Amino acid sequence: MPSPFRLYSTLSRRVESFVPRTPGEVSIYVCGMTVYDHAHVGHARAFVVFDVVVRHLRNSGWNTRYVRNYTDVDDKIIRRASRDGEDPLTLAERYIASFREDMAGLGNLPPDVEPRVTASIPEIIAMIGSLVAGGHAYEDGGSVWFSVPSFPAYGGLSGQKVDDLRSDDSGTKRHPADFALWKAHREGEPSWDSPWGPGRPGWHIECSAMADRWLGHGFDLHGGGLDLVFPHHENEIAQSECSGHHGPFARYWLHNGLLTVAGGQKMGHSLGNFVTIRDLLPQFPAEALRLYYLQSHYRSPLPWSDTAIPEALGMLARLYEAREQAESLEGTGQADAVAASLGADALTVLDLGRAFEERFRAAMDDDFNTSLALAHAFELARAINRLAANKKVARKARPVVEPALAAFRLLADTFGVCAMTPQAFQADVKARRSAAMGIDPAWVDAQLAARAEARASKEWALADQIRAELDAAGVVIMDGAAGSEWRLRLVSPT
RNA sequence: GGCGCCAUACCCAAGUGGUUAAGGGAGAGGUUUGCAAAACCUCUAUGCGGCGGUUCGAAUCCGCCUGGCGCCUCCA
């Protein structure tokens, strides 16, 4: 039996218990990218958040169907293509490929269906047809408009009243709030035949048509960025609920908060204040980005800064450190007996490890509280480190940390964080940071060898001088029993 | 002008009626170390933007004010 959960729905503006359309099943539609440029870290937040939502639902026993679309024909695509002298559909194809790489690089699992507008034209035309037939849309000069006044419930999601909207528009629309379902063909634009002549879909109709086809009317969760609430999602509701179906279009609406840059403004393509995923991923492990997103609640605004990802990487390293410590412990026996013989620190690790899954799930089942879930993980990490610092217990404590290791697996499964081996993580960090910081590992190794020689002959001044040089380059040395290791400093001293 | 959201320590951030206000980072001190790093321990908000109110009791509910953000045009 899937476990119940609560979530905040924009529609009701409160947290409510989830009731599925079909018992045991969750259908979710997330608005994807308009593919006219590379995705930036603001987009990535939405897709990581919904990836984690879907992973958690599946881990909770829900049979989950996840649909995320590509908008591959649109004004912005056409504008960009015309600027670059490229065919719009070719350009869109290129950025779909780019997006797929970014999603894979981020560790997001692919949705079950990734429909495209250009592959959904018949459904779109059919839906527009039913809207025209029902008196909710009208044709004018080869374009078709949705008639907002024909849908009295319009504004229910966003709280907007049609008469209070700002509008400078007039054109051929009957009402300023009316929006395009079908745009008549213009020279140089992609077009498809339709009962209203050649043209292409308007922006909003695609999601209605694709959700309808792949999930059916009245599906469970509709997700997207907070900036899509109006008009995009409002218009989706209007189209879908006027096209001959009964009941609401989607049962719950989830909206993720936006990334903000210094000064509090949101990150946006049009504002030019963005960092792309493909700029960042070569420099930092994907898991650092995931942790950055998951450390705050998905609905809150999330401040972006140059130190955000290095700091998240530091947090990640802390989790891996604890996991590595836990994995290094040895010993056998019955966990309770071993813990009892080892003392309070061992009992704490055992208790926290055993309690983790329940606490983690409780946090996630309460509107996907990833921040609280992570706090539980850090509490466990500290307890493990405290235990492992005692060399005497380290040889016996393995049974005590088994539940904690299971906790790390749950974290990896649900968050896609701490999913590598600690060794692979360190290697990954070293490779990406070395490249980003312009440090040659061979040079570091040579320096380290020279220092080892100096230390062997107790030439401390020389050894310290070498370490200072490495430190200045951002390389931190860790002397251990088995020799010296090095890592790269994650956050620059301020 | 309309609609909506937010305000918790130096920074990020959970908590939305009831024991000592989670967690992470930064900072200070200590343990450890040849010296460091990592790790561990201790400390860092008698207070949760301000002012009123409801209540036995409020960061948590209500009102007003101040500040900020999002949307109303493309936007994750």
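Please read these numbers as outputs of a predicted model, since none were measured by experiment. Below, chain A is the first sequence line, B the second, and so on; all start at residue 1.
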Checklist line | Pairwise C1' distance, B:U19 and B:G57 [rounded to whole Å] | finding: 13 Å
Next item on the list: With sequence neighbours left out, write down each residue that passes side-chain hydrogen bond (donor to acceptor under 3.5 Å, both in side chains) with A:Asp112, or none if nothing qualifies.
Entry: A:Arg58
Notebook entry, point to check: Distance only, no hydrogens: is a donor on one side chain within 3.5 Å (strictly under) of an acceptor on the other, for A:Ser147 and A:Asp178?
Noted result: no
Next item on the list: When you get a sec, tell me which of B:A76, B:G4, B:G34 is the closest nucleotide to the side chain of A:Asp464?
Entry: B:G34
Check: Who are the side chain to side chain contact (heavy atoms under 4.5 Å, CB included) partners of A:Arg100, not counting sequence neighbours?
Finding: A:Tyr70, A:Ile96, A:Glu114, A:Arg116
Close N/O contacts between protein and nucleotides 36-39 of chain B (under 3.5 Å):
{"residue": "B:A36", "atom": "N6", "partner": "A:Asp479", "partner atom": "O", "Å": "3.3"}
{"residue": "B:A36", "atom": "N1", "partner": "A:Asp479", "partner atom": "N", "Å": "2.7"}
{"residue": "B:A39", "atom": "O3'", "partner": "A:Asn385", "partner atom": "ND2", "Å": "3.2"}

Could you run down the sub-3.5 Å N/O contacts of the protein with nucleotides 11-15 of chain B?
{"residue": "B:A13", "atom": "O2'", "partner": "A:Ser371", "partner atom": "OG", "Å": "3.0"}
{"residue": "B:A14", "atom": "OP1", "partner": "A:His297", "partner atom": "N", "Å": "3.1"}
{"residue": "B:A14", "atom": "O3'", "partner": "A:Asn369", "partner atom": "ND2", "Å": "3.0"}
{"residue": "B:G15", "atom": "OP1", "partner": "A:Asn369", "partner atom": "ND2", "Å": "2.7"}

Item checked: Spacing of the C1' atoms in B:C12 and B:G50 (rounded, Å) -> 24 Å
Check: Considering residues at least two apart in sequence or located in another chain, which fulfil the salt bridge (charged side-chain N to carboxylate O under 4.0 Å, His left out) criterion with A:Asp74?
Finding: none
Item checked: side-chain hydrogen bond (donor to acceptor under 3.5 Å, both in side chains) partners for A:Glu101, two or more places apart -> A:Arg278
Next item on the list: Rounded to whole angstrom, note down the P distance from B:G24 over to B:C40.
Entry: 9 Å
Notebook entry, point to check: In residues 75-84 of chain A, which ones come under 4.0 Å of RNA chain B, going by heavy atoms?
Noted result: A:Lys76
Note to self: What contact category does A:Gln265 fall into here, base, sugar-phosphate, or nothing, at under 4.0 angstrom with non-hydrogen atoms?
What the structure shows: sugar-phosphate
Check nucleotides 17-19 of chain B against the protein and report each pair of N or O atoms closer than 3.5 Å, with its distance, or say if there are none.
none

Checklist line | Sugar-phosphate, base or nothing in reach of A:Leu259, heavy atoms under 4.0 Å | finding: base
Next item on the list: Please list, chain by chain and in numerical order, all residues satisfying side chain to side chain contact (heavy atoms under 4.5 Å, CB included) with A:Ala424, sequence neighbours excluded.
Entry: A:Met420, A:Thr421
Anything under 3.5 Å between a donor and an acceptor, one on a side chain of residues 152-161 of chain A, the other on a protein residue two or more places apart or in another chain? List them.
{"residue": "A:Tyr154", "atom": "OH", "partner": "A:Asn235", "partner atom": "OD1", "Å": "2.4"}
{"residue": "A:Ser158", "atom": "OG", "partner": "A:Gln160", "partner atom": "N", "Å": "3.4"}
{"residue": "A:Ser158", "atom": "OG", "partner": "A:Glu234", "partner atom": "OE1", "Å": "2.5"}

I'd like a table of donor-acceptor pairs (distance under 3.5 Å, sequence neighbours excluded) in which one partner is a side-chain atom from residues 470-484 of chain A, with atom names and distances.
{"residue": "A:Asp471", "atom": "OD1", "partner": "A:Arg489", "partner atom": "NH1", "Å": "3.1"}
{"residue": "A:Asp479", "atom": "OD1", "partner": "A:Arg451", "partner atom": "NH1", "Å": "3.0"}
{"residue": "A:Asp479", "atom": "OD1", "partner": "A:Arg455", "partner atom": "NH1", "Å": "3.4"}
{"residue": "A:Asp479", "atom": "OD1", "partner": "A:Ser484", "partner atom": "OG", "Å": "2.7"}
{"residue": "A:Asp479", "atom": "OD2", "partner": "A:Arg451", "partner atom": "NH2", "Å": "2.8"}

Item checked: Between A:Glu206 and A:Thr71: side-chain donor-acceptor atoms closer than 3.5 Å -> yes
Next item on the list: Tell me yes or no: between the side chains of A:Asp279 and A:His38, is some donor less than 3.5 Å from an acceptor?
Entry: no
Checklist line | Contact list for RNA chain B against residues 221-234 of chain A - heavy-atom distance below 4.0 Å | finding: A:Gly224, A:Gly225, A:Asp227, A:Leu228, A:Phe230
